[in-house]
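Worksheet: one structure, shown below.
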Amino acid sequence: MIKHDLVKEILISETEIKKRISELAVEIKNHYSNLKKPLVLIGILRGCLFFLSDFMMELDLACAVDFMYVESYAGQKTRTFEPKIKLDIFTNIKDHDVLIVEDIIDSGKTLVKLVEHLKLKAPKSVKILTLLDKKIKREVKIEADWFGFEVPDNFLIGYGLDYQEQLRNLPYIAIANLEKIKALESKKMS
Ligand code: IMP
Ligand code: MG
């Protein structure tokens with residue numbers, strides 16, 4: 001796939017992303033001004049890739065990082081099953097403040113599962129930061145504590161977001177040209 005050809009429209013530019021991340025880093029630093037132990041950032045693989053690293057470099061706080069991998073979409077456009085935790089954190093988060101760092105919230109099911117799971121490990125607090133929020137798609141009751149941008153119900157790619165594990169490496173967030181992607185795929189198969 002030639003990545004830029006599969007973009008229908010750029011929704012959020014690289015500059016806008018960076019600017020919003022700086023604002024979020026300041027808000028979040030202020031929120032955790034009385035930390036007793038390092039904040040543990042938990043990145044949700046694989047979409048958090050660029051957001052987590054850019055955010056963490058902007059965040060002027062003592063923090064550690066760990067990762068989880070939750071299978072929610074199985075690489076498909078629509079979800080076919082309930083989220084399953086495939087990789088858990090290695091860090092002991094007991095009595096630590098924890099911040100989940102997500103790429104996007106859609107139905108909210110992934111986060112409900114994650115929050116439930118992390119709370120069993122007795123952290124001091126669990127909060128959620130997401131770069132993108134498709135509020136209109138929510139099926140369960142969960143909200144991010146901080147979000148970068150509210151986005152419409154389109155299939156988005158870039159800056160970590162994938163279509164079938166590809167197109168994560170666009171520096172901006174774009175609406176995918178699904179018709180073009182599918183046409184290319186069926187040509188490949190015939
Ligand atoms: P949820 O459980 O429905 O909230 O799904 C959240 C997960 O689905 C996110 O962490 C993403 O990995 C994936 N996802 C949701 N919407 C999109 C999208 O537009 N593009 C790419 N991945 C998406
Ligand atoms: Mg994700």
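None of the values given here were measured: they were computed from a predicted structure. Indexing begins at 1, ligand by ligand and atom by atom, following the structure's order.
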**Study point:** Phe50 and Tyr159 aromatic ring geometry - parallel, tilted or perpendicular at 30°/60° bounds
**Key:** tilted

Study note, to complete from the structure: Numbered in order shown, the ligand 1 atoms found under 4.0 Å of a heavy atom of Leu156 are 18 (C), 19 (O), 20 (N), 21 (C)

Point to revise | Element-labelled atoms of ligand 1 that are located less than 4.0 Å from some non-hydrogen atom of Lys134 | key: 16 (N), 17 (C), 18 (C), 19 (O)

Practice item. Determine, for Arg20 against Glu23, whether the closest basic-nitrogen to carboxylate-oxygen distance falls under 4.0 angstrom. Key: yes

Practice item. State plainly whether the residues Lys86 and Glu71 are in salt-bridge range, i.e. N to O under 4.0 Å. Key: yes

Revision key, fill the gap. Judged by heavy atoms only, the candidate from Gly47, Ser107, Ala176, Gly160 nearest atom 1 (P) of ligand 1 is Ser107

Exercise for review: Would you please determine whether Val151 falls within less than 4.0 Å of ligand 1 on a heavy-atom basis?
Suggested key: no

Check your understanding: Which ligand 1 atoms are under 4.0 Å away from a heavy-atom of Asn154?
Key -> 19 (O)

Exercise for review: Just jot down the ligand 1 atoms closer than 4.0 angstrom to any heavy atom of Thr110, in number order.
Suggested key: 1 (P), 2 (O), 5 (O), 6 (C)

**Study point:** Asp162 neighbourhood, listing ligand 1 atoms whose heavy-atom distance to it stays under 4.0 Å
**Key:** 21 (C)

Exercise for review: Any pair with a residue in residues 123-132 that passes side-chain hydrogen bond (donor to acceptor under 3.5 Å, both in side chains), sequence neighbours left out, goes on the list, sorted by first then second residue, please.
Suggested key: Asp97-Ser125

Review point. Do the ring planes of Trp146 and Tyr32 sit parallel (below 30°), tilted (30 to 60°) or perpendicular (above 60°)?
Key: tilted

Practice item. Decide whether the shortest distance between a heavy atom of Gly108 and an atom of ligand 1 is less than 4.0 Å. Key: yes

Check your understanding: Does the pair Glu58/Lys18 count as a salt bridge with the N-to-O cut at 4.0 Å?
Key -> no

Exercise for review: Pull out every atom of ligand 1 sitting under 4.0 Å from any heavy atom of Glu102, numbered as shown with elements.
Suggested key: 10 (O)

Revision key, fill the gap. Quick note on ligand 1: atoms under 4.0 Å from a heavy atom of Leu161 include exactly 21 (C), 22 (N)

Exercise for review: Considering only NZ, NE, NH1 and NH2 on the basic side and carboxylate oxygens on the acidic side, decide whether Asp88 and Lys121 come within less than 4.0 Å.
Suggested key: yes

